[in-house]
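See structure below.
As the structure lists them, so they are numbered: ligands from 1, and atoms in each ligand from 1.
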Amino acid sequence: MNTPQHVAIIMDGNGRWAQQRGQARTSGHRKGVEAVRQAVKSAGELGIKYLTLFAFSSENWRRPQNEVNDLMNLLKIFVRRDLAELHRENVRVRVIGDRKSLKSDILSLLTEAEELTRENRAQELIIAFNYGGRDDITRAARLLAIQAARGEIDPSSINEDALSRALDTSDVPDPDLVIRTSGEQRISNFLIWQAAYAEFVFLPCLWPDFGRADFEEALRQYAGRKRRFGAVAEQDLALGS
Ligand code: IPE
Ligand code: IPE
Ligand code: MG
């Protein structure tokens with residue numbers, strides 16, 4: 001089966017999961033962390049080298065303050081509790097997103113996770129936290145503009161490659177597959193540049209219920225897709241000749 005090298009997931013539906021049970025939204029987020037653990041494990045077993053998880057968007061600050069606090073705390077709990085195990089499993093952890101507005105305790109935890117796991121090569125877990133695709137592109141453009149103004153680069157040398165390298169994902173291959181749970185069918189400002197040619201799979205399950213079988217279902221759908229990248233598939237060319 002054709003396995004994607006990089007899978008990115010929009011983990012959606014925690015609030016609805018809790019609502020369906022008459023519980024507060026935060027219990028859905030808490031349960032969602034268990035699904036995160038399971039997804040990282042499944043990705044390793046299924047031979048997926050890069051897994052990017054959308055944990056907090058640059059627009060999620062619009063939520064009530066107590067929910068924002070819960071989400072920040074859950075990230076801290078996840079890193080504190082799971083970092084040693086991830087390191088043992090030879091997983092490299094990285095974080096993408098704007099770090100400027102994060103509190104210093106979260107920042108130092110994230111840096112610690114990245115530094116500890118820097119040399120790990122079995123698998124990569126990329127956590128998108130305070131991440132927005134437009135923000136990513138804007139920060140990259142600003143960086144290139146600053147370098148150009150300082151005379152470090154020639155503005156006319158700025159091409160797609162240069163912009164890609166200035167993004168948070170500079171040395172990560174583009175996602176092959178983007179999965180979104182909860183039945184919503186939109187990108188919500190996730191990897192908008194990087195997912196230009198990704199395949200999309202939308203699953204009805206809510207994120208806290210996402211398990212190994214759902215992951216396999218998404219991979220099955222991916223394996224049945226024909227990626228053309230704007231070209232004509234080799235076998236179709238042969239048919240017409
Ligand atoms: C996804 O679940 C988690 C985050 C966005 C942080 P939601 O909290 O968006 O759940 P719904 O969409 O309200 O059900
Ligand atoms: C996208 O989900 C962000 C994350 C999963 C972290 P949202 O629930 O915030 O997206 P919208 O608001 O429904 O588009
Ligand atoms: Mg949502």
Side-chain angles (χ1 to χ4, degrees), residues 6-40 42-43 50-79 81-82 93-103 106 109-110 113 125-139 167-169 172 175 177-195 198-211 214-215 218:
H6 182 178
V7 176
I9 309 184
I10 303 175
M11 311 184 287
D12 199 12
N14 293 352
R16 277 163 282 174
W17 185 92
Q19 216 163 20
Q20 283 175 3
R21 287 160 181 76
Q23 297 169 5
R25 294 176 58 83
T26 175
S27 77
H29 296 315
R30 228 174 295 134
K31 189 77 182 166
V33 177
E34 285 174 36
V36 165
R37 268 184 205 115
Q38 179 58 47
V40 177
S42 299
Y50 299 88
L51 178 69
T52 300
L53 299 177
F54 202 6
F56 190 88
S57 80
S58 47
E59 288 74 38
N60 286 146
W61 296 103
R62 297 174 185 159
R63 296 187 178 203
Q65 188 62 46
N66 68 337
E67 181 165 348
V68 169
N69 291 344
D70 280 342
L71 290 166
M72 298 287 151
N73 282 331
L74 279 174
L75 177 74
K76 284 194 266 183
I77 290 169
F78 173 72
V79 174
R81 217 180 266 167
D82 289 60
V93 180
R94 289 204 246 189
V95 182
I96 57 170
D98 185 10
R99 302 188 184 207
K100 266 201 324 287
S101 25
L102 298 180
K103 291 218 176 103
I106 292 207
L109 258 182
L110 297 180
L125 169 63
I126 300 148
I127 304 171
F129 201 83
N130 193 22
Y131 181 85
R134 288 181 173 179
D135 178 64
D136 193 4
I137 296 167
T138 305
R139 285 186 286 108
L167 295 169
D168 289 343
T169 47
V172 177
L177 168 64
V178 176
I179 301 171
R180 183 168 189 151
T181 57
S182 90
E184 307 292 357
Q185 302 192 357
R186 55 175 171 262
I187 194 158
S188 297
N189 200 17
F190 195 29
L191 302 161
I192 52 176
W193 169 285
Q194 298 88 337
E199 295 296 326
F200 284 79
V201 169
F202 299 105
L203 298 175
C205 69
L206 301 174
W207 176 253
D209 293 324
F210 181 91
D214 301 290
F215 213 142

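Here the protein heavy atom with the shortest distance to atom 1 (C) of ligand 1 is M11 O, 2.9 Å. For atom 10 (O) of ligand 1, the closest heavy atom belonging to the protein is G15 N, 2.9 Å. Protein heavy atom closest to atom 2 (O) of ligand 1, with residue, atom name and distance, is N14 N, 3.1 Å. Scanning the protein for heavy atoms near atom 6 (C) of ligand 2, the closest one is F54 O, 3.3 Å.
Protein N/O/S atoms closer than 2.8 Å to the Mg ion (ligand 3), listed by chain and residue number, are D12 OD1.
A donor-acceptor pair shorter than 3.5 Å cannot be found between the side chains of R21 and S27.
Close approach to F56 involves these atoms of ligand 2, each under 4.0 Å from a residue heavy atom: 6 (C). Using a 4.0 Å cut-off to heavy atoms of S188, the atoms of ligand 2 that qualify are 10 (O), 11 (P), 14 (O). Close approach of ligand 1 to H29 (heavy-atom distance below 4.0 Å) involves ligand atoms 3 (C), 8 (O). Within ligand 2, the atoms closer than 4.0 Å to a non-hydrogen atom of R186 are 11 (P), 13 (O), 14 (O), numbered from 1 in the order shown. Which parts of ligand 1 touch N60 is read off a 4.0 Å heavy-atom cut-off, strictly below it: atoms 5 (C).
Side-chain contact check for F56 versus L75: every heavy-atom pair is 4.5 Å or farther apart. At least one side-chain heavy atom of V178 sits less than 4.5 Å from a side-chain heavy atom of F200. Side-chain atoms of S58 and D98, non-hydrogen and from C-beta on, never get closer than 4.5 Å to each other. R25 places a side-chain heavy atom less than 4.5 Å from the side chain of E67. Residues I9 and L53 are in side-chain contact: their nearest non-hydrogen atoms beyond the backbone lie under 4.5 Å apart.
Between Y131 and F54, the ring-plane angle classifies as perpendicular under the 30° and 60° cut-offs. Below 30°, between 30° and 60°, or above 60°: for F210 and F215 the angle between ring planes is between 30° and 60°, a tilted geometry.
Checked for salt-bridge contact, E34 and K31 meet the test: a charged N lies under 4.0 Å from a carboxylate O.
In this structure, S182 falls outside the shell of residues with a heavy atom less than 4.0 angstrom from ligand 1. At least one heavy atom of R180 lies less than 4.0 angstrom from ligand 2.
For atom 12 (O) of ligand 2, no protein heavy-atom neighbour is present inside the 4.0 Å cut-off.
Of the possible donor and acceptor atoms, one in the side chain of R16 sits under 3.5 Å from a partner among the backbone N and O of S182. One N or O on the side chain of N60 and one on the backbone of S57 form a donor-acceptor pair closer than 3.5 Å. Looking at T181, its side chain does come within 3.5 Å of a backbone N or O of D12 through a donor-acceptor pair.
Here's the thing with W17: none of its N/O atoms is less than 3.5 angstrom from an N/O atom of ligand 1. The N/O atoms of A55, backbone and side chain alike, include none that comes under 3.5 Å of an N/O atom in ligand 1.
With R25, R63, Q19, E59 as candidates, the residue nearest to atom 5 (C) of ligand 1 on a non-hydrogen basis is R63.
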- Task: Before giving the answer on salt bridge (Lys or Arg N to Asp or Glu O under 4.0 Å), spell out for D168 and R139 the whole-Å C-alpha distance, their side-chain angles and the decisive distance to 0.1 Å.
- Result: CA-CA 9 Å; D168 289 343; R139 285 186 286 108; 2.7 Å; yes
